[in-house]
Amino acid sequence: MWMNLYNLTHNSLGMHFWELPALLAGGIILVELIVHSYKQKKREKQFDENRMERLKTMQQGNGKGD
């Protein structure tokens with residue numbers, strides 16, 4: 001089985017045996033990076049919205065006490 005895979009990759013595809021797993025791992029890492037970046041931006045946006053709400057609440061509270 002391994003020899004068939006070696007022959008397929010080396011002779012038919014024109015690449016080394018280790019390149020297929022490396023390409024697969026690289027693709028998975030790239031997808032994870034894209035998903036993580038998207039979710040991180042979403043978390044930062046939510047954090048900024050919560051922070052602005054808290055700041056407004058604090059400013060309104062300080063105005064009423066004067």
Side-chain angles (χ1 to χ4, degrees):
M1 180 176 128
W2 290 108
M3 196 60 171
N4 291 336
L5 181 61
Y6 173 79
N7 286 331
L8 173 73
T9 58
H10 193 69
N11 295 331
S12 300
L13 300 178
M15 61 175 65
H16 293 282
F17 176 72
W18 55 268
E19 288 180 2
L20 280 178
L23 288 173
L24 181 64
I28 291 171
I29 290 172
L30 184 64
V31 168
E32 286 181 1
L33 178 66
I34 291 169
V35 170
H36 174 72
S37 297
Y38 174 75
K39 287 185 176 182
Q40 182 65 26
K41 287 181 184 179
K42 198 172 176 182
R43 284 190 295 262
E44 287 176 357
K45 182 179 176 186
Q46 183 67 33
F47 176 78
D48 286 339
E49 289 173 359
N50 289 340
R51 184 176 53 89
M52 292 304 291
E53 287 178 19
R54 289 180 182 158
L55 286 173
K56 286 179 184 177
T57 304
M58 288 172 57
Q59 289 173 350
Q60 290 174 356
N62 287 339
K64 289 180 182 176
D66 290 340

Engineer: Give, for atom CH2 of Trp2 and atom CG of Asn7, the distance between the pair rounded to the nearest 0.5 Å.
Structural biologist: 13.5 Å
Engineer: Linking Ile, Leu, Val, Met, Phe, Trp and Tyr through side-chain heavy atoms less than 4.5 Å apart, which residues share a cluster with Met52?
Structural biologist: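 Once heavy-atom contacts under 4.5 Å are chained together, Met52 belongs with Leu55.
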Engineer: Could you give the distance from CD1 (Ile29) to CG (Leu24), rounded to the nearest 0.5 Å?
Structural biologist: 10.0 Å
Engineer: Does any donor atom in the side chain of Arg43 or Gln46 lie under 3.5 Å from an acceptor atom in the other side chain?
Structural biologist: no
Engineer: Identify whether the distance between the nearest side-chain nitrogen and carboxylate oxygen of Arg51 and Asp48 falls below 4.0 Å.
Structural biologist: yes
Engineer: Take Lys45 and Glu49, measure what side-chain contact (heavy atoms from CB on, under 4.5 Å) needs, and give me the verdict at the end.
Structural biologist: CA-CA 6 Å; Lys45 182 179 176 186; Glu49 289 173 359; 3.4 Å; yes
